[in-house]
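Naming convention: chains lettered A, B, ... in sequence-line order (proteins, then strands); numbering from 1 in each chain. Fair warning: this is a prediction, and the values are worked out from it, not measured in the lab.
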Number of protein chains: 2
Amino acid sequence: MNQMCATCPVKESAACAVLSEEERDALAAAGRTRVLKRGEMLFAAGDDEAACATLVSGALKISAFDAEGNEQILSLVHPAGFIGELFSPFAHHDVVALTESQLCTFARKDIERAIDDYPALARALLKRSQEDLLATRNLLELTAHATAEARLAALLHDFASAASDASCHIASHFELPLTRGEIANMLGLTIETVSRKLGELEEMGAIARKGKRGIDIADPALLRDISGR
Amino acid sequence: MNQMCATCPVKESAACAVLSEEERDALAAAGRTRVLKRGEMLFAAGDDEAACATLVSGALKISAFDAEGNEQILSLVHPAGFIGELFSPFAHHDVVALTESQLCTFARKDIERAIDDYPALARALLKRSQEDLLATRNLLELTAHATAEARLAALLHDFASAASDASCHIASHFELPLTRGEIANMLGLTIETVSRKLGELEEMGAIARKGKRGIDIADPALLRDISGR
DNA sequence: CGAGGACTTGATCAATTTCAAGCGGAGTGG
DNA sequence: CCACTCCGCTTGAAATTGATCAAGTCCTCG
């Protein structure tokens with residue numbers, strides 16, 4: 001096993017985990033690692049040479065911009081996530097690092113060849129794609145009908161789930177990976193509304209704010225209840 | 001070629017089009033055709049024996065229900081579309097026919113085996129899944145930030161595109177496949193707002209209503225402009 | 001120390017929802 | 001064949017949520 005893959009924190013969970021050692025090494029030889037600092041862009045909407053990548057550590061956002069230049073965050077990418085629009089000639093969205101992030105990038109053609117050569121990889125990417133679809137539909141469900149309070153409560157609950165390693169319970173404390181503005185973009189709200197509702201959730205006893213970004217989940221049941229799910 | 005596939009209107013465009021004739025016949029032997037009338041359900045959220053299917057003709061909706069029982073339409077399925085959550089033990093959403101629909105259904109295990117046996121099928125389903133993801137993100141972008149007017153204009157524009165066979169221009173007339181209530185659900189609005197905004201779009205000269213469901217696109221450029229894209 | 005950025009808070013405003021009423025067509029049963 | 005009712009739709013008025021406009025605080029960094 002090559003050195004990079006041997007120490008890769010997501011070697012068990014990323015799409016390439018389904019490959020044999022030789023297959024993975026062959027793929028790794030075609031790719032290269034890359035580090036992005038907060039705010040740096042992996043690729044922009046419209047790029048035709050957009051790379052594909054597996055996120056090794058950190059966090060990314062995928063976002064679109066409307067005619068007036070307003071950002072809309074469409075998805076967050078967590079470690080082991082795969083980024084890349086395989087069958088489209090150019091990228092539809094921007095991909096930007098939220099925190100310092102380590103990636104394993106591949107040229108599109110290399111990934112396409114790997115899909116053809118290794119059926120298990122196609123299957124793994126299909127699974128990941130369906131999970132992304134489900135996550136996006138959940139976000140859609142949230143933004144379309146719920147009140148500002150419910151949207152925020154649900155997002156916090158999701159973050160708490162993601163921050164916990166055990167799937168059966170949620171973390172009682174975590175640091176928000178997003179600024180207020182990014183939360184607002186994601187939920188289709190304004191910064192001011194996010195700030196106010198965060199205050200209200202705290203008054204209600206559902207959460208406690210610890211500094212600007214820290215969140216304690218004071219009452220998980222109440223939070224879930226407010227989120228309406 | 002078996003009789004069903006020989007006359008299948010989507011034999012060129014559905015996922016199974018990538019299979020050889022023998023492969024497709026083998027898959028077809030495992031599946032069966034089914035007709036749903038408007039309002040009939042293919043499967044419900046929570047079903048663990050949810051089938052997979054290719055839509056041959058008609059239209060389906062995929063929808064979720066929140067705690068209070070409000071429907072949220074997450075996606076529409078057009079002919080040649082594939083339905084089914086392959087890697088999840090149970091269905092997350094309801095799938096219901098919007099019009100009389102003809103499907104080609106398969107047991108989950110048959111599709112899973114076909115994916116393993118025919119790499120081209122995995123690739124085709126991956127492509128479809130990514131397209132679904134893109135469509136869902138477009139809807140998300142729409143519902144999160146845009147005004148009621150822009151959402152409705154964009155939806156009408158999309159329907160007009162879907163109703164046209166040529167990809168370069170949009171249909172100038174079509175019948176809405178959805179009731180006002182369904183449009184409202186899809187866009188995160190109320191029935192009343194949809195009704196009012198439809199009236200306003202007509203007054204502005206962007207569209208003309210022909211009966212309850214018929215829509216003429218009077219000014220495609222204006223419509224696109226209002227939709228903000 | 002000053003400047004800029006992220007956040008909070010308050011007051012006002014506008015878009016959309018909510019509540020309420022009524023229309024018209026389709027299907028039903030007397 | 002004619003009420004009668006249900007359902008989808010439209011329209012109006014009032015209520016409310018969240019957006020917008022406007023300060024002002026706190027922190028970090030140069």
### Query
Is the shortest heavy-atom distance from the side chain of A/Ile226 to the side chain of A/Leu222 under 4.5 Å?
yes

### Query
When the distance from CD of A/Glu200 to P of C/dT8 is rounded to whole Å, what number comes out?
13 Å

### Message
For A/Ala146, is there any backbone N or O sitting under 3.5 Å from a side-chain donor or acceptor partner on A/Arg151?
### Response
yes

### Query
Listed by chain and number, what are the ring-ring contact (aromatic ring centres under 6.0 Å, His included) partners of B/Phe87, not counting sequence neighbours?
none

### Message
What I'd like to find out is whether the side chain of A/Glu182 reaches to under 4.5 Å of the side chain of A/Leu176, using heavy atoms alone.
### Response
no

### Query
Sub-3.5 Å donor-acceptor pair from the side chain of B/Arg137 to the main-chain atoms of A/Leu74, do we have one?
no

#### Entry: Residue pair B/His78 / B/Leu76, side-chain heavy-atom distance below 4.5 Å
yes

### Query
Taking CD from A/Glu182 and P from C/dC7, how many angstroms apart are they, rounded to a whole number?
9 Å

### Query
C/dT17 P sits how many Å from B/Ile191 CD1, rounded?
11 Å

### Query
Within the side chain of B/Asp66, is there an N or O that forms a donor-acceptor pair under 3.5 Å with the backbone of B/Glu68?
yes

### Task
Can you tell me the distance, in whole Å, between the CG atom of A/Leu201 and the P atom of C/dT8?
12 Å

### Message
Nearest whole Å is fine: how far is C/dT18 C1' from B/Glu68 CD?
### Response
15 Å

### Query
Think A/Arg213 has a side-chain N or O under 4.0 angstrom from the OP1 or OP2 of C/dA6?
no

### Query
Could you give the CG-to-C1' distance, from B/Leu187 to C/dT17, as a whole number of Å?
15 Å

### Task
Take the protein atom CZ of B/Arg180 and the nucleotide atom P of D/dG8, then report the distance between them rounded to whole Å.
12 Å

### Query
Base, backbone or nothing for each nucleotide of nucleotides 13-26 of chain D, written B, S, -, heavy atoms under 4.0 angstrom, 5' to 3'?
B----SSBB-----

### Summary
With five pairs defining each end axis, the helix from C/dC1-D/dG30 to C/dG30-D/dC1 comes out bent, to 10°, by 30°

### Query
So how far is it from A/Glu85 CD to A/Phe43 CZ, rounded to the nearest 0.5 Å?
6.0 Å

### Query
Starting at CD1 of B/Ile226 and ending at C1' of C/dA15, how long is that distance when rounded to a whole Å?
17 Å

### Query
Do the side chain of B/His92 and the main chain of B/Ala45 share a donor and acceptor less than 3.5 angstrom apart?
no

